Structures are given as C-alpha cells and as structure tokens.
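To start, the structure under review is shown below, and the notes come after it.
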Amino acid sequence: MDEVSRIVDRLVHSDVPLRRAELRGAARRVMADEAPLALPSTAEAAVDALVGLGPLEPLLRDPSISDVLVNGPGEIWVERAGSLQLTDITFPDAAAVVAAVERVIAPLGLRLDRASPAVDARLADGSRLHAAIPPVAVAGPIVALRRFTPAVPDLDALVAAEAVTVDGAALLEEMVVGRRNILVCGATGAGKTTLLNVLSTAIPAGERVVTIEEAAELQLQGHVVRLEARPPNAEGAGAIELRALVRHALRLRPDRIVVGEVRGPEALDMLQAMNTGHDGSMGTIHANGPEDALLRMEMLAHTGGTIGADALAAQVRRAIHVVVHVVREPGGRRVRSIAELRDGVMAEVYR
C-alpha cells in the first residue's frame with residue numbers, strides 16, 4: 001500500500017467529516033505518523049482521492065488548462081491555449097475512474113452505472129463534467145471536463161486579446177445598448193459563453209435580465225435573475241427543462257432574456273419572447289456561421305410546435321436582429337464576423 005493509500009485508509013476509518021477543509025488538516029496529521037518523509041503534496045493527493053476527482057484535481061487547479069479529457073485510465077489529455085497535450089497522469093484502473101466520477105456527482109443526486117451509463121453535471125466550482133461508461137463507451141470509461149474560467153471583464157479586454165477590433169467592439173456595444181436581439185454562434189469551445197458574458201457588460205444599468213441555462217456558467221452583471229435547468233435524479237424524476245424555464249422567465253418581469261445555449265424546443269419560446277416585446281435578448285447556438293445559425297434555430301423551433309415552415313422561417317428572421325460568429329483558432333478565440341438582419345435579409349457588417 002502506497003503513502004496516499006495509507007493516509008486515505010486512516011481517514012476513511014476516522015470520524016473526520018468528508019469536507020475538504022477538515023480533511024486537509026487531518027491528512028497532514030496522519031501523514032506525520034504514516035509518512036513523515038513524504039512530499040507535502042501527498043496530503044492533498046489523499047484529500048483529492050476522498051472528495052475530488054483523484055489524480056485529475058491538480059489539472060483542474062492549473063489555470064492554463066481549459067479542458068481535461070480522460071480516454072480510459074491510462075490516457076489523459078488536457079487542452080492548453082487551444083492545443084491538446086497528452087499528460088503522464090493515470091488512474092490505477094477503470095474502476096478508479098468511475099469511482100472518481102461517482103464521488104463528485106453523488107452530492108448532486110446523480111448516478112453513473114449500467115442503468116444510467118452517461119451523465120452530465122455542473123460541479124461546485126462551475127466546471128462541466130460529462131462521463132460515459134460501457135455499454136455507451138465501448139472501450140471503457142471516458143470523461144470530459146470543461147473547466148470554469150473567470151469571465152473576461154469587458155469588451156476592452158477582448159480588444160486587448162485581439163479577439164475583436166476596436167471598431168468591432170464599438171459595433172457590438174452599440175447593438176447591445178440599442179436593444180438588438182443577438183445570437184452568438186460557433187463551435188464547441190469557440191468562446192460563445194465568454195462573449196455573451198462580455199456583451200452583458202454593455203447592458204444599461206437598471207435593466208432586469210433573466211438568464212436561463214442548462215448549466216449555470218454566465219456571470220452577468222447588474223440586476224440579474226438566474227435560472228438553471230435540472231437533469232433527472234437517480235430515479236429518473238425531477239427534471240426541469242429549458243423550455244419550462246423560458247416560460248417562467250416571461251413571468252418574472254424581464255427587460256431582457258438571455259439563454260446560455262439554445263439546443264431544443266425552447267428555441268420556439270425564445271423566438272416568441274423576442275417577438276413580443278423583449279428586445280435586447282441574447283443567446284448562443286452551435287452553428288458554423290450566421291446563416292447556419294438561423295437554419296438551426298428554425299430546426300430546433302420545429303421541435304417545439306406545429307407552426308408551418310414558412311411562418312417559422314419568417315418569425316426567426318424577424319426575431320433575430322444580429323448574429324455574431326466566433327471561432328477558435330491556433331492563435332486563440334476571436335469574432336470572425338457580425339451579420340445584421342434588415343427586413344429579413346442578412347448582411348455582413350463586420351469581418
């Protein structure tokens with residue numbers, strides 16, 4: 001049994017509460033007895049093995065890492081500055097990977113087993129976790145962690161990072177202040193949520209904003225009311241879907257509604273809100289460009305009702321005023337284009 005395992009075993013059989021703060025002190029005391037010559041990091045590793053994601057925890061504490069990807073116990077990758085890198089960190093076996101995931105999702109009322117072989121969760125620090133095990137994951141357990149990152153403070157910071165030009169930032173600010181309905185599109189990890197956070201800094205003080213998210217990531221400023229969807233619990237009950245939250249939001253006297261990511265039938269409710277007086281609303285959507293974003297909105301809205309295709313297409317083009325396309329490139333994330341809809345016709349106004 002190695003040093004970490006001995007410390008863990010002592011802590012498990014003690015009466016120390018399974019909370020990180022208390023466990024740290026207890027682990028140091030146990031280490032003084034069990035492994036006095038061990039490195040100081042040994043105690044923290046023991047705590048991570050009890051209440052965290054085990055060997056992944058040091059990666060999650062590294063601010064340069066945006067994603068942690070586990071392709072089985074012996075293959076762990078991280079993303080730094082848009083580049084994937086293989087690490088030398090490993091788990092002892094597949095069971096240890098599953099156990100680590102179970103430790104962090106159990107307090108959320110979620111489970112991961114053969115009856116529920118895939119799980120999505122938002123962790124206490126705001127990071128997002130997706131895990132899958134056989135039979136969904138063919139070769140063994142896989143885990144993807146998107147780390148919570150502090151919000152970019154404002155548009156000036158985006159300009160400084162060369163994510164957008166000065167003229168582009170001024171145009172975006174003008175559109176937010178002018179209460180244009182804005183849809184931010186791009187691929188996974190392109191910076192859609194980051195840009196949405198930044199755009200919120202231009203919302204005039206005093207306006208009431210209701211945010212709707214599947215996993216709360218937005219860090220909007222000002223008078224903000226936050227709503228978060230909820231997945232089914234271990235018994236498959238208690239789910240609260242985004243569509244229901246959009247309807248709740250309309251009863252909360254919003255000046256603007258912000259949907260973290262449009263991905264289902266809530267698209268129809270969002271369009272109706274935009275077309276009934278909630279100008280200045282915003283959201284993100286996965287799409288390869290502005291035109292694709294509108295087509296995807298139509299497709300998703302179709303799943304929310306029986307409205308005719310022509311009427312729905314017209315509603316999309318009346319509801320959405322601006323589409324901002326963001327991309328992730330080797331040099332970083334940036335705003336590739338801004339397209340504005342005028343009388344239903346899209347015109348690129350920034351590139």
Side-chain angles (χ1 to χ4, degrees), residues 1-81 84-113 119-133 137 140-150 215 234:
M1 185 181 292
D2 62 18
E3 297 163 339
V4 172
S5 297
R6 293 202 304 273
I7 296 170
V8 168
D9 186 63
R10 283 274 301 272
L11 292 174
V12 166
H13 291 91
S14 72
D15 58 358
V16 178
L18 290 178
R19 292 190 294 268
R20 190 171 286 274
E22 287 88 342
L23 284 170
R24 279 198 181 102
R28 293 190 189 100
R29 292 191 294 272
V30 171
M31 189 173 74
D33 294 335
E34 294 284 350
L37 300 181
L39 296 172
S41 59
T42 302
E44 191 67 29
V47 175
D48 292 339
L50 278 170
V51 294
L53 285 162
L56 301 184
E57 288 290 335
L59 301 178
L60 297 177
R61 290 191 283 266
D62 184 341
S64 70
I65 292 174
S66 58
D67 291 85
V68 177
L69 307 170
V70 180
N71 300 344
E75 185 182 340
I76 298 173
W77 297 75
V78 296
E79 181 182 308
R80 284 189 177 94
L84 286 175
Q85 303 169 9
L86 181 64
T87 73
D88 58 2
I89 293 172
T90 62
F91 282 89
D93 50 37
V97 178
V98 177
V101 174
E102 289 176 332
R103 280 197 299 272
V104 296
I105 66 172
L108 306 176
L110 302 173
R111 71 183 191 190
L112 184 65
D113 52 34
V119 66
D120 281 299
R122 178 174 63 87
L123 305 184
D125 68 350
S127 298
R128 289 185 299 178
L129 175 147
H130 181 80
I133 61 173
I142 55 175
V143 183
L145 282 152
R146 169 66 57 82
R147 289 189 62 249
F148 169 82
T149 53

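As a basis for the values below, the full set of heavy atoms in this structure was taken, side chains included, without hydrogen atoms, waters or symmetry mates. All figures in this text were calculated on a predicted structure; none of them were measured in a lab.
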* Asked: Would you call I76 and L69 a side-chain contact if the rule is heavy atoms closer than 4.5 Å?
  -> no
* Asked: Quick one: are L53 and V68 in side-chain contact, heavy atoms under 4.5 Å?
  -> no
* OG/S14 to CZ/R29 distance, rounded to the nearest 0.5 angstrom? -> 9.0 Å
* Structure fact -> Heavy-atom nearest pair, L110 first then D120, reads CD1-O, 3.5 Å
* To do: For V97 and P73, work out which heavy atoms get closest and say how close.
  => CG2-CA, 3.9 Å
* Hey, what do you get for OG (S66) to CG (L84), rounding to the nearest 0.5 Å? -> 8.5 Å
* To do: Output yes when a side-chain donor or acceptor of R128 lies under 3.5 Å from a complementary backbone atom of R146, and no otherwise.
  => no
* Between atom CD of E102 and atom CG of D113, what is the distance when rounded to the nearest 0.5 Å? -> 7.5 Å
* Asked: Is there a salt bridge (charged side-chain N to carboxylate O under 4.0 Å, His left out) between R80 and D62 once you walk through the steps?
  -> CA-CA 10 Å; R80 284 189 177 94; D62 184 341; 2.9 Å; yes
* Asked: Does some side-chain heavy atom of E75 sit less than 4.5 Å from a side-chain heavy atom of L86?
  -> yes
* Can you name the closest pair of heavy atoms from V104 and V51 and give their distance? -> CG1-O, 4.3 Å
* V78 and D67: side-chain contact (heavy atoms from CB on, under 4.5 Å), yes or no, with the steps? -> CA-CA 6 Å; V78 296; D67 291 85; over 6 Å; no
* Please report the shortest heavy-atom distance between A96 and P92, naming the atom on each side. => CB-CD, 3.7 Å
* To do: Find out whether I65 and L60 are in side-chain contact, i.e. whether some heavy atom of one side chain is under 4.5 Å from a heavy atom of the other.
  => no
* Asked: For W77 and E79, does a side-chain donor sit closer than 3.5 Å to a side-chain acceptor?
  -> no
* Does the side chain of L56 reach to within under 4.5 Å of the side chain of L59, using non-hydrogen atoms? -> yes
* **Shortest non-hydrogen separation from A131 to V101 and the atoms involved** => CB-CG1, 4.0 Å
* Given side chains that start at C-beta, do those of I142 and V70 come closer than 4.5 Å, heavy atoms only? -> no
